[in-house]
Protein chains: 2
Amino acid sequence: MNDVAAAAGVALKTVSRVVNDEPGVNAATALRVKAAIDRLGYRRNDGARTLRRGRTASIGLVIEDAADVFYSSLSRAVEETALHHGCLLFTGSSQEDAARERDLVLAFCARRVDGLIIVPAGTDHTYLAPEFEAGTRAVFADRPPGAGCEADVVLSDNAGGARAGAAHLIAHGHRRIAFLGDLPRIFTAAERLRGYREALAAAGLPYDEGLVAMGPADPARLRADLARLLRAADPPTALLTGNGRTTVETLRALASITGSATGAFVEGVRPGLGGLALVGFDDFELADLLGVTVVAQDPARLGRTAADLLFLRLAGDDGPVTRFELPTRLIPRGSGERPPPPRRDHP
Amino acid sequence: MNDVAAAAGVALKTVSRVVNDEPGVNAATALRVKAAIDRLGYRRNDGARTLRRGRTASIGLVIEDAADVFYSSLSRAVEETALHHGCLLFTGSSQEDAARERDLVLAFCARRVDGLIIVPAGTDHTYLAPEFEAGTRAVFADRPPGAGCEADVVLSDNAGGARAGAAHLIAHGHRRIAFLGDLPRIFTAAERLRGYREALAAAGLPYDEGLVAMGPADPARLRADLARLLRAADPPTALLTGNGRTTVETLRALASITGSATGAFVEGVRPGLGGLALVGFDDFELADLLGVTVVAQDPARLGRTAADLLFLRLAGDDGPVTRFELPTRLIPRGSGERPPPPRRDHP
DNA sequence: GTGCGGATTGACAACGTTGTCCGGGGTCGT
DNA sequence: ACGACCCCGGACAACGTTGTCAATCCGCAC
C-alpha cells in the first residue's frame with residue numbers, strides 16, 4: 001500500500017480510502033491510485049485490516065469427518081451461508097477425538113474467527129469459556145455441548161426419529177427388533193437408542209440387551225454382531241440401524257453372510273436381507289433404488305440453521321440460549337414394510 | 001499480551017518468549033508468566049503474529065462442491081496433510097462457476113494464505129499472476145489451469161481410464177456403446193470422451209455421435225437421453241457413464257424407464273439395467289452391492305498428492321513445474337461383464 | 001481584503017505481535 | 001579484584017492497515 005501511495009504520488013491514507021471505496025476522494029486522484037494499484041498488482045492485506053478493525057470476517061467449522069456425506073452436506077450449507085455474509089470458512093475434522101476438536105477450535109480462536117460452528121466430539125467445553133469472554137460466539141450442531149457450556153445448539157430429533165422407525169417396524173408386526181448403533185458415548189447414538197427403547201415400551205415389548213449392538217461401523221464387528229444375532233435362539237425379524245454408515249455396512253455384512261446379494265441389482269439374484277426387515281437412520285445415496293426404508297435427517301438444514309443462528313448472534317442478538325430440534329422424516333421404501341415370517345415356535 | 005506482561009510484572013517481550021517457547025527465559029519467570037496467562041485466559045493473536053512474520057500457516061482450497069463425495073474425499077485428504085504441517089485450511093466451493101472460483105481464490109490471497117489448491121472451474125487463471133509474483137504458490141488438482149498459467153497440477157488418467165472402461169465393454173462383445181458424460185467444457189469430461197473415442201478407434205469401431213450425450217447429471221435430462229438412445233433403431237447394448245453422479249442418476253433413470261428396479265435389492269425383482277451392460281467412471285458407495293463395474297479414481301490420493309506437492313513448494317522447492325497423472329483402476333463387479341444380447345438383425 | 005464552509009488530502013497513532021539490539025547482573029578464570 | 005563472558009530481561013521499531021484529527025485549497029459571500 002505504501003508502494004502504491006508512492007507510485008501514485010499520494011498519501012497512504014488516500015490509497016486506503018480508494019481501496020475501501022470511501023467517499024471524499026477526487027475522481028481524478030482515485031483514477032490515478034487505481035492505475036497504480038493495477039500496475040503494481042496490489043492486493044489489500046486482510047490480515048492487517050482485521051488486526052486494525054477487530055473483526056476477521058471468518059468463521060470456523062469443526063465437524064467429525066469431512067469425507068462423510070452427512071457432514072459434508074452440513075459443511076456445504078454452512079459454507080453457503082458464510083459466503084452470503086461475506087465470511088470465509090476455516091474447516092477441520094475432529095475424527096471423533098476430543099483433543100483434536102479442542103486443538104482445532106483453539107487454533108481457530110487464535111486466528112480470531114468471529115464465530116464457531118462445532119460438531120463436538122468431546123463432552124467438556126469449559127476450554128471455551130475464555131473465548132466466550134473475549135466475545136467469540138459458538139453454535140453447536142448435531143450434538144449439544146458438554147455440561148456447563150452455555151451455547152446455542154441445533155439438533156435433529158434423534159429420539160423421535162428412532163422411536164418412529166422402531167414403531168414403524170412394530171406396526172408391521174415385528175416383535176424382535178435389533179438395534180445396531182454407534183458408541184453410546186456419542187450423543188446421537190444414545191438418543192437414538194433411547195427412542196428405540198421408548199418405542200418398545202410404548203408397544204409393551206420387552207427391552208432385550210441381546211438385541212442391541214453398539215459400536216463404530218466397522219465391517220468386521222458388524223458381521224460378527226449380525227452373525228451372533230441371527231444364530232440366536234430367538235433371532236430378530238427386523239433391524240433398526242443407527243446411522244448411515246452402519247446401515248450401509250449392515251447391508252454389506254448381510255450380503256456377505258447370506259452370500260447372495262452382491263450384484264443383486266444387475267444380476268437379479270435373491271435379495272440380501274435374508275428375510276429381515278430394515279429401517280435405517282439417515283438417508284443415503286441409492287437407498288431409493290435399493291428399497292431401503294429410512295428415517296431421514298436433513299444435514300443441510302442442520303448446517304443452515306446453525307449458521308443462520310450464528311450470524312444472528314454476530315449481528316448482536318443477545319437473546320437467551322436456544323436449542324433447536326429439527327424433525328426427521330420416515331421414508332418407506334420397502335425394507336421397513338416387510339412383515340416378519342410366520343412364527344414357527346407354536347407348531 | 002500487554003495485560004499479561006503487566007500482570008506478571010515483566011516486559012512484553014518476555015511474555016512473547018514464553019508463549020513461543022523461546023529459550024533464554026528463567027524457569028521461575030516463565031512460570032509466573034504462564035500463571036498470568038492462565039489467569040487472564042490469554043490466547044495469542046495469530047493475526048498479528050502472521051502480520052509480523054509474513055507466513056500465515058494457512059492454505060486455501062477451492063473445490064467444485066463440498067457436498068460431492070469425490071471432492072469431500074479430496075478435501076479431507078488435503079485437510080489431513082495441512083494439519084500435519086501445522087496449517088489451517090480455508091475451503092470454498094466454486095459451484096462450477098469461474099467467477100466464484102476467482103473471487104474465492106482472491107479472497108484467500110487477501111488473507112495471505114501461503115498456498116492454494118484449486119480445482120478450477122474457469123479456464124483463465126491470469127488473475128493469479130500478481131499472486132505468484134507475491135510468492136503465493138498454487139497447485140491445481142483434478143483439472144489443469146488455463147493456458148498461460150505455470151503451476152503444478154495433479155490429475156487422474158481420465159483418458160486412460162475411459163479407454164480402459166470402453167475397451168472392457170468391447171472385450172465383452174459390445175459394439176454399440178453409449179457414452180454419457182458431463183459438459184465437454186469440463187476438462188475431465190472432455191478427456192474421458194477422448195478416451196472413449198480412442199478405445200473405439202483402437203477396436204476399429206465407428207464413432208457415432210448419436211450414442212453420446214454430454215451434460216450435467218440432471219435426472220430429467222438423463223431420462224430423456226436414455227429413452228432416446230433406447231428407442232433408436234440400433235440401440236446401444238452398453239453404457240459408459242462419465243462420472244459418479246451421472247452413473248447414479250443413470251441407474252435411477254433406467255429404473256424409472258424399465259419401471260422395475262426400485263427396491264430391487266430387498267424385493268428381488270428383475271434388475272434395472274434392462275439388459276444393458278454398464279461401466280461407470282468413478283467408484284461410488286454401494287457400487288459393490290449393486291454389482292456395478294467401475295473405473296475407480298482415488299480422490300484422497302489426488303488430494304494428498306496435491307497437498308504434498310504444495311508443501312514441498314512452500315518448503316522452497318523451486319524445480320520445474322510438474323504434472324502428475326494418477327492411474328485409475330477398473331473394478332469388475334458384474335455390470336460391465338454382461339455380454340450383449342444375441343443379434344437379431346440377420347435372422 | 002477577509003472570513004467561512006466544504007471538499008480533499010495528509011500526518012500520526014494504534015491494532016498485537018516479533019526481530020534486533022542493548023544493558024544489567026552474575027559467574028568464572030586469572 | 002578485575003575483565004570477559006553468559007544469561008536474562010527490556011526498549012524500540014516494524015509488519016500493513018484504518019480511525020482520528022488537522023491542514024490545505026478553492027470558491028464565494030461579506
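Every chain is numbered from 1, with letters handed out A, B, ... down the list of sequences.
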Can you confirm whether the side chains of A:Asn20 and A:Arg49 place a donor and an acceptor under 3.5 Å from each other?
yes
Given axes from five pairs at either end, by how many degrees does the helix from C:dG1-D:dC30 to C:dT30-D:dA1 bend, rounded to 10°?
60°
Taking any heavy-atom pair under 4.0 Å as a contact, classify A:Val10: base, sugar-phosphate, or nothing.
sugar-phosphate
Check every strand shown and say whether B:Asn2 touches a base, only sugar-phosphate, or nothing at a heavy-atom separation below 4.0 Å.
nothing
Report which part of the nucleic acid B:Thr50 touches: base, sugar-phosphate, or nothing (heavy-atom distance under 4.0 Å, all strands).
nothing
Polar pair under 3.5 Å, donor/acceptor by atom type, side chain B:Arg17, base D:dG9:
yes
Please lay out, stage by stage, how B:Arg143 and B:Glu96 fare under the test salt bridge (charged side-chain N to carboxylate O under 4.0 Å, His left out).
CA-CA 12 Å; B:Arg143 311 168 183 176; B:Glu96 210 64 86; 2.7 Å; yes
For B:Asn45 and A:Arg111, test the side chains for any donor-to-acceptor distance below 3.5 angstrom and give the result as yes or no.
no
Most 5' of B:Ala48 and B:Gly9 on DNA chain D, judged by nearest nucleotide
B:Gly9
Check ring pair (Phe, Tyr, Trp, His ring centres under 6.0 Å) between A:His84 and all other residues, then give those that pass, not counting sequence neighbours.
none
If we ignore angles and hydrogens, is there a donor and acceptor under 3.5 Å between the side chains of A:Thr322 and A:Asp152?
yes
Just to be sure I understand the rule, does B:Thr14 reach a base, reach only the sugar-phosphate, or reach nothing, if contact means heavy atoms closer than 4.0 Å?
sugar-phosphate
